[in-house]
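Worksheet: the structure to be examined is printed underneath.
Residue numbers begin at 1 in each chain, while the letters A, B, ... track the order of the sequences. Note that this is a predicted model, so its numbers are computed, not measured.
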Amino acid sequence: MQPVDNFAPRVLAWFDEHGRKNLPWQEHRTPYRVWISEIMLQQTQVTTVIPYYQKFMASFPTVEALADAEQDEVLAHWSGLGYYARARNMHKAAKMLVDELDSELPHSVEGVCELPGIGRSTAAAILSISRGVQAAILDGNVKRVLARFHAVPTWPGEKKTENAMWDLAEHYMPSERCGDYTQAMMDLGATLCTRSKPQCLLCPLEEDCQGRLTQDPTQFPIRKPKKAAKPEKSIQLLVLTNPKGQWLLEKRPSVGIWGGLWSLPELAVEESVVLHTEQRFATQVSAVTPLSLFRHTFSHYHLDISPSQIVVSDIQLVGEGDKYQWFNPDEALAQGLPAPVRRILEQLNELGMSVR
DNA sequence: AAATCGGGGAG
DNA sequence: CTCCCAGATTT
């Protein structure tokens, strides 16, 4: 991630041409007005925010007005925006400002971060836009622009990656026009370097954007490693029970899942238990009891198991070698069994195998 | 259905 | 510190 030289000038030149400069909070750029806009914009898009912002400013034109308001009144103005904890934090911060800081926002990022609801990025946005302080933001927009420009190969949720991106953000923040630069980066991310369908051909950073060099800039930022959305499989297992109260177990092949363990005969969920059983074991089924469905989760997939207990007349176990064997319940439970099979059989055993 | 967003709060 | 959540929108 080698920084380039003329990053900020290109971004600013683009901003002068194409940036948004007539948003309500861009007029009378006081720290208070910018602060409120940034809190609203944390959670909601510009077009939605505008009417809320205007009504809010009409009712609470100053930090003193906000601090004096009842919480209910503040929340009423927030109604429809959601994330009400942020409105409560903002209200609390207004009271702190008036009571302890002479109604003036601190001039440093660290100072502003002391207020509830304001972190490093929001603090930098407020101070750079309203006071020209040279402090960089790293919100979702800027993360996306930087991750693409440098084809950052790791997930920004990792601390290491995030720190590196903060370094880049600070590095690129110019010493002049700090507020315009902050606004420009937000605009770039919001209007061109969008999550899907970025308009690279209009971008001032296009020529040396590393993400653009790959086939697909939208691969960046690298997405959060999925909670390995485990695939789901379903099977049915059969507890065949003979007139002696014995269970039929099947020896699994030595390789593969549950290799070499004694398990229960298995069939696909689509198959009919009765037909399959009568065909596979050349027997007469006299009763089928569905047992409760449950999920067994492996490291790499979920297995939904539908067990059934089936009472059969005796089965001739011929031609299958030692693959199938009848076991008394206590014998069966003494064998090496897969955990879900053990669970099924233990439950049946505790119920005295009552077939209800 | 899953990812996203910036800060708070829990462990 | 490092995770995980709030709470709604977007994809």
Cation over ring, [X] on [Y], under 6.0 Å and within 45°?
| X | Y | value |
| --- | --- | --- |
| A/R343 | A/F294 | yes |
| A/R120 | A/W166 | yes |
| A/K55 | A/F60 | no |

[X] [atom1] to [N] [atom2], straight-line distance once rounded to whole Å:
| X | N | atom1 | atom2 | value |
| --- | --- | --- | --- | --- |
| A/E158 | C/dT2 | CD | C1' | 13 Å |
| A/N89 | C/dC5 | CG | P | 19 Å |
| A/K224 | B/dT4 | NZ | P | 8 Å |
| A/E114 | B/dG8 | CD | C1' | 14 Å |
| A/L115 | B/dG6 | CG | P | 19 Å |
| A/K160 | C/dC1 | NZ | P | 17 Å |
| A/L41 | B/dC5 | CG | C1' | 12 Å |
| A/I137 | B/dG6 | CD1 | P | 9 Å |

Sugar-phosphate only, base, or nothing, as touched by A/R144 at under 4.0 Å among non-hydrogen atoms: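 A/R144: backbone/sugar contact only, no base atoms under 4.0 Å.
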
Show which side-chain atoms of residues 188-203 of chain A pair as donor or acceptor with protein atoms under 3.5 Å away, not counting sequence neighbours.
from: A/T191; atom 1: OG1; to: A/D187; atom 2: O; distance (Å): 2.7
from: A/T194; atom 1: OG1; to: A/S196; atom 2: O; distance (Å): 2.8
from: A/T194; atom 1: OG1; to: A/K197; atom 2: O; distance (Å): 3.4

On DNA chain C, compare the nucleotides closest to A/G157 and A/A85; which residue's is nearer the 5' end?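 Counting from the 5' end, the first nearest nucleotide belongs to A/G157.
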
A/I50 versus A/W25: any side-chain heavy-atom pair under 4.5 Å?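 A/I50 reaches A/W25 side chain to side chain.
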
For residues A/F281 and A/P265, determine if any side-chain heavy atom of one lies less than 4.5 Å from a side-chain heavy atom of the other.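 With C-beta onward as the side chain, the pair touches.
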
How far, in whole Å, is B/dG11 from C/dA6 if one measures between their P atoms? 13 Å

With the side chain of [X] defined as its heavy atoms from C-beta on, choose the nearest nucleotide among [options].
| X | options | result |
| --- | --- | --- |
| A/Q42 | B/dC5, C/dT2, B/dG7 | B/dG7 |
| A/K159 | B/dG8, B/dG6, C/dT2 | C/dT2 |
| A/R223 | C/dT2, B/dG8, B/dT4 | B/dT4 |

Applying side-chain hydrogen bond (donor to acceptor under 3.5 Å, both in side chains), name anything that partners A/Q325, two or more places apart in sequence or on another chain. none

Donor-acceptor pair under 3.5 Å, A/R120 side chain vs B/dG6 base: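 Not at all, since no donor on one side and acceptor on the other fall under 3.5 Å apart.
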
For nucleotides 8-11 of chain C, print each protein N/O atom paired with a nucleotide N/O atom at under 3.5 Å, atom names and distance only.
from: C/dA8; atom 1: N3; to: A/Y83; atom 2: OH; distance (Å): 3.2
from: C/dT10; atom 1: OP1; to: A/Q45; atom 2: OE1; distance (Å): 3.1
from: C/dT10; atom 1: OP1; to: A/Q45; atom 2: NE2; distance (Å): 3.2

